[in-house]
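To start, the structure itself, in structure tokens.
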Amino acid sequence: MQNHFFSILISALITIFITLFFNPVYDFSVYIWSYISFSFILSVALRILFLRKRVDILFFTAIFLTWLNFLQPYLRSEKVTHLYRIIPEGFLFEMSFFSALGIIALYLGYYISFSTKVIKPIFKTNNKFNSKQLGRIMISVMFLFISYRFFYIFFYELIQPFTGILAILNYLPSLVSVGLTLIILRKKGNKIVIIILFTFLIIQLFIAVAQTLFIYVILLVFVPFLIYFFERNKVPIISILIVTVLLTPLFMLRHYYRRDVAEWWYGEKTVTTEFLVNRGINIISETYSEGDIFDTSDKIIDADKDTKNRFESISYLGQCVFQHEIKARPYLLGETFWWLPISPIPRVILPFKPENTMGT
């Protein structure tokens, strides 16, 4: 634990220096928790850089994204807003405080629980598939995703009771991206399989761009670099920089193109895969065919200004505070979780399942 103490101490000192470059608009009691929790984030980064704890990269990605969504907005110089939610400022202290506790709990849980070997993996961790095996598995994953999308588009009423648990299948293309990267790196893969999987991923990239859902774009494009790092123990810095530069204009303009997607996001309009692919191609063509691809100011200004400064993630926590402070629902301290193992089972199968009060 001594290494953890020193890494957190050094991180805290660096964080104090970083505070000089921010001028948060919120009260000190709100934004201080952003800084405190960031010290733990920075501590993980220092362990990776100086102690060569490369396996912690995956944990760093998860804990940093958590901080970025739930605590970084409090450090902005203007108040964050949301189109559909108004959060009283009296709620913000509890929202930031409990978010910070969540970051600290993740840190302690990861390093204490896993370091003491209390948790054992469910599956074997020493399996290493060869290229042919990976090819067969990824083709199966691809067809599973295609089947899911087929039912989602044409027979939605059949899978509607299961959409909550089936939503995880939306991330299968990123798993295919991982598998294809390993097949190429380990070589001796079937060329036809590689072409099929690559074509599938290109189509999914166009669809993700069309829907302006950049988390799917990032998973498709940047996860392979992470896999490359673990497989070859090298960081392809030049390739990462090139891809980052190329994707930056699309990321900056996502809200400009998002104005037209509400029709199919909220079920007002059904769109085909062909439509989304063509729209994705058109967005990419329009972005890169107008000379200076980084001269995006006009389109950004023209986009919906309210969406640029929203706090979608942290606004959900406002509902929890509302239920506690206004509705006087008490913190149940774990009493609601006795039924957690059966929570993934749809109520249509288990109609007597207890009411889901996990949100409070």
Side-chain angles (χ1 to χ4, degrees), residues 1-22 32-75 99-121 123 125-128 171 174-175 177-179 181-182 184-186 214-215 217-245 247-248 251 313:
M1 293 299 295
Q2 188 175 10
N3 288 334
H4 290 283
F5 174 77
F6 282 113
S7 63
I8 293 175
L9 178 61
I10 294 172
S11 300
L13 295 175
I14 297 175
T15 302
I16 292 173
F17 174 74
I18 292 175
T19 62
L20 300 176
F21 300 93
F22 287 87
I32 184 60
W33 298 107
S34 298
Y35 288 133
I36 291 174
S37 56
F38 183 75
S39 297
F40 288 85
I41 305 292
L42 191 57
S43 173
V44 179
L46 293 179
R47 290 176 62 82
I48 295 171
L49 290 174
F50 297 106
L51 299 181
R52 303 289 183 178
K53 302 289 185 179
R54 288 190 290 266
V55 70
D56 289 355
I57 288 178
L58 294 175
F59 175 60
F60 174 78
T61 303
I63 197 172
F64 177 68
L65 287 176
T66 303
W67 181 87
L68 200 63
N69 279 320
F70 291 97
L71 285 153
Q72 180 271 341
Y74 299 117
L75 298 180
S99 296
L101 288 185
I103 294 290
I104 297 171
L106 284 172
Y107 183 94
L108 295 177
Y110 178 80
Y111 285 113
I112 294 177
S113 297
F114 284 93
S115 63
T116 56
K117 307 297 181 183
V118 173
I119 299 175
K120 295 182 180 180
F123 304 103
T125 59
N126 56 354
N127 289 333
K128 188 172 184 179
Y171 295 93
S174 59
L175 182 59
S177 180
V178 169
T181 303
L182 288 173
I184 294 174
L185 291 178
R186 294 174 182 176
F214 239 75
I215 182 61
V217 175
I218 290 173
L219 287 174
L220 287 173
V221 176
F222 281 104
V223 165
F225 291 120
L226 191 63
I227 299 303
Y228 180 91
F229 169 76
F230 282 108
E231 188 74 7
R232 295 290 174 85
N233 199 24
K234 293 190 297 184
V235 179
I237 297 178
I238 301 299
S239 300
I240 291 175
L241 289 176
I242 292 174
V243 172
T244 301
V245 169
L247 285 182
T248 297
F251 178 77
S313 296

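None of the values given here were measured: they were computed from a predicted structure.
- Heavy-atom minimum distance, Leu219 versus Ser177: O-OG, 4.4 Å.
- Between the side chain of Thr181 and the backbone N or O of Pro224, no donor-acceptor pair lies under 3.5 Å.
- Taking the side chain as every heavy atom from C-beta outward, Phe230 and Leu58 approach each other to under 4.5 Å.
- Here OG1 of Thr15 is found 10.0 Å from CD1 of Ile41. Values are rounded to the nearest 0.5 Å.
- Side-chain contact between Phe38 and Leu71 is absent, with no heavy atoms from C-beta onward closer than 4.5 Å.
- Side chain of Arg232 to backbone of Leu185: a donor-acceptor contact under 3.5 angstrom is found.
- For the atom pair CG of Leu247 and CD1 of Ile242, the computed distance is 12.0 Å after rounding to the nearest 0.5 Å.
- Looking at Tyr110 and Ile63, their side chains never come closer than 4.5 Å, going by heavy atoms from C-beta outward.
- We find the CZ-CG distance between Phe70 and Leu65 to be 11.0 Å, quoted to the nearest 0.5 Å.
- Rounded to the nearest 0.5 Å, atoms CD1 (Ile8) and CG (Leu13) are 12.0 Å apart.
- Of the N and O atoms on the side chains of Ser7 and Ser43, at least one donor lies less than 3.5 Å from an acceptor on the other residue.
- Contact annotation: the side chain of Tyr107 never approaches that of Ile104 to less than 4.5 Å [non-hydrogen atoms, C-beta and beyond].
- Leu42 CG to Phe40 CZ: the interatomic distance, rounded to the nearest 0.5 Å, is 11.5 Å.
- Counting heavy-atom neighbours within 6.0 Å of Leu20 CG, excluding the residue itself, gives a total above 12.
- No side-chain heavy atom of Phe60 sits under 4.5 Å from any side-chain heavy atom of Asp56.
- Remark: the backbone N or O of Ser34 is paired with a side-chain donor or acceptor of Trp67 at under 3.5 angstrom.
- Annotation: side chain of Tyr35 is in contact with side chain of Leu75 (closest heavy-atom distance under 4.5 Å).
- Proximity of Leu68 to Phe64: side-chain heavy atoms (C-beta onward) are separated by under 4.5 Å at one or more points.
- With rounding to the nearest 0.5 angstrom, the CG atom of Leu226 is 13.0 Å from the OH atom of Tyr228.
- Separation of the Phe225 and Phe229 ring centroids does not fall under the 6.0 Å cut-off.
- Using a 4.5 Å cut-off on side-chain heavy atoms (C-beta onward), Arg47 and Tyr111 make contact.
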